[in-house]
Colleague: 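Dumping the structure here so I can ask a few things about it.
Position 1 is the first residue of the sequence, and the numbers go up from there. All ligand and atom numbering here is 1-based and tracks the order in the structure. Excluded from the calculations below are hydrogen atoms, water molecules and symmetry mates; all remaining heavy atoms, backbone and side chain alike, are included. Quantities reported herein were computed from a predicted structural model and do not represent experimental measurements.
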Amino acid sequence: MSRIDTTRLQRLARAYTETAVFYAAIDLDLFTHVSQGAGTIAEVAAATGISELNAERLVVVALALDLLRRDDNGRLVNAPDCETFMVSTSERFAGPWMTFTRGEVPAWFDLTERLQDPSPPSELGLYDGITVERARRYHAATYSIGMGAGRRFCRTVDLTGRRKMMDLGGGSGAYSINAVSTFDGLEAVVFDLPAVTVVTEEYLERNDVTDRVTTMGGDFINDPLPTGCDVAVMASNLPIYDGPNIQKVVSKTFDALEPGGEMHLIGETLDSDGVGPLDAALWGMAEIHYGSGGRSHTVDECIGYFRTAGFVDVENTDFVPNTLTRTFGRKPG
Ligand SMILES: C[S@@+](CC[C@H](N)C(=O)[O-])C[C@H]1O[C@@H](n2cnc3c(N)ncnc32)[C@H](O)[C@@H]1O
């Protein structure tokens with residue numbers, strides 16, 4: 001029998017130090033410098049403008065975290081994910097997303113007080129009174145990860161023959177931009193809070209899809225949804241709301257869809273037994289910092305929201321393993 005020890009608990013107690021090193025590496029553009037040839041500690045020090053001692057400290061942790069590796073000649077190279085997503089000169093740079101929640105750091109260390117706070121939650125949480133400026137900063141981050149997710153959606157789901165998609169809480173429009181670029185004849189409407197749609201328009205222009213993607217400002221819980229759509233997608237806003245509100249928006253979507261239409265709910269989802277994945281659990285917890293009523297939802301709950309709304313052929317599949325699932329349902333024709 002293996003002995004019980006404290007290794008796991010000690011790692012957990014200091015896990016924030018790993019986050020801090022990752023943020024510092026991003027700030028110093030470590031992965032870009034390594035990609036461009038900084039292959040020794042001295043070269044990393046020169047490229048990042050820090051001392052050799054500190055470069056050594058940084059590189060030693062990055063090697064231990066498998067962010068950096070050594071090649072056959074002993075020179076530093078990026079791990080494959082860092083080379084693909086953490087090089088700031090690349091189109092696929094996801095740095096803004098990786099530091100998306102950095103502003104929450106002090107709040108996480110006040111979590112005990114927040115858990116003890118008896119104030120009732122608000123409905124919109126983070127999005128209450130969102131301004132265009134805040135939406136612009138927020139969606140610089142979601143765009144940097146959402147375009148990849150949007151591409152994955154179009155590889156996973158065949159929308160051939162569909163005419164119009166509503167993209168609920170569409171943000172930067174990443175899913176719509178990819179969908180209309182992939183499926184001939186498809187149009188889309190990004191539905192999001194009015195301040196956000198100003199920013200959506202900027203991304204639609206940048207991607208040259210304003211002739212096929214429009215926007216509609218509103219609150220998907222309380223306002224009417226777009227009509228005339230045979231596809232609905234709602235991505236990455238599941239833990240922002242509680243069960244009754246998710247049920248409300250799924251049911252409203254069912255009512256608004258054309259007969260025979262389909263809905264896809266993509267979100268961080270707990271397994272049926274409610275035990276993990278950890279990422280889904282923590283996104284639910286993160287809502288405490290925004291005072292919303294949001295929480296993590298299980299796969300079974302998502303299937304239940306769809307069935308209660310009237311959808312048929314309901315199923316839930318992995319979208320990004322251990323991160324996101326996709327719940328699907330069809331409105332009877
Ligand atoms: C995490 S972002 C996801 C954006 C996009 N779906 C993606 O995956 O890239 C969540 C989006 O939902 C929007 N949202 C949240 N609550 C909303 C509501 N009640 N009505 C409309 N949009 C809402 C936010 O403004 C934000 O743009």
Side-chain angles (χ1 to χ4, degrees), residues 94 96-97 100-101 104 121-154 156-157 165-179 188-204 206-207 213 215-226 231-242 244-253 256 263-269 279-280 282-284 286-287 289-295 319-320 323-327:
W97 177 252
F100 180 56
T101 54
E104 291 173 6
S122 78
E123 193 165 72
L124 278 180
L126 167 68
Y127 303 101
D128 230 347
I130 190 165
T131 61
V132 173
E133 262 321 298
R134 195 146 67 85
R136 197 171 278 127
R137 281 198 303 276
Y138 183 96
H139 287 296
T142 71
Y143 181 77
S144 78
I145 198 81
M147 284 301 274
R151 274 192 297 273
R152 182 183 287 250
F153 178 69
C154 296
T156 318
V157 174
M165 179 172 104
M166 62 172 117
D167 187 356
L168 299 173
S172 70
Y175 279 73
S176 294
I177 292 164
N178 279 285
V189 50
V190 176
F191 184 94
D192 210 304
L193 301 168
V196 177
T197 57
V198 175
V199 178
T200 313
E201 302 277 354
E202 294 169 2
Y203 284 101
L204 300 182
R206 181 164 147 186
N207 285 277
V213 186
T215 64
M216 181 171 163
D219 164 2
F220 56 51
I221 306 285
N222 297 305
D223 295 331
L225 300 183
V231 183
V233 60
M234 177 159 151
S236 290
N237 33 40
L238 188 56
I240 301 171
Y241 290 100
D242 60 10
N245 275 323
I246 294 291
Q247 181 65 68
K248 194 169 168 188
V249 66
V250 171
S251 294
K252 283 174 66 180
T253 306
M263 177 173 187
H264 303 264
L265 173 66
I266 293 166
E268 297 86 0
T269 323
D279 194 48
L282 286 173
W283 280 112
E287 286 301 312
H289 302 308
Y290 300 104
S292 83
R295 65 168 181 82
F319 184 62
V320 178
T323 305
L324 296 168
T325 72
R326 178 172 62 87
T327 308

Colleague: Might you point out which heavy atoms bring Asp279 and Thr323 nearest each other, and give the distance in Å?
Modeller: OD2-CG2, 3.6 Å
Colleague: What does the 4.0 Å heavy-atom contact list look like for ligand 1?
Modeller: Leu124, Tyr127, Tyr138, His139, Gly169, Gly170, Gly171, Tyr175, Asp192, Leu193, Val196, Gly218, Asp219, Phe220, Ile221, Ala235, Ser236, Asn237, Tyr241
Colleague: So, Thr269 versus Thr325: side-chain donor-acceptor pair below 3.5 Å or not?
Modeller: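 Present: a donor and an acceptor within the cut-off.
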Colleague: Consider only side-chain N and O atoms of Glu104 and Tyr290, and report whether a donor and an acceptor are under 3.5 Å apart.
Modeller: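 Yes.
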Colleague: Classify the ring geometry between Tyr138 and Phe100 as parallel (under 30°), tilted (30 to 60°) or perpendicular (over 60°).
Modeller: perpendicular
Colleague: Please name the pair of heavy atoms, one in Gly218 and one in Pro194, separated by the smallest distance, quoted to 0.1 Å.
Modeller: N-CD, 3.8 Å
Colleague: Test Ile246 against every option in Leu238, Asn237, Ile240 by the side-chain contact (heavy atoms from CB on, under 4.5 Å) rule and name the one that passes.
Modeller: Leu238
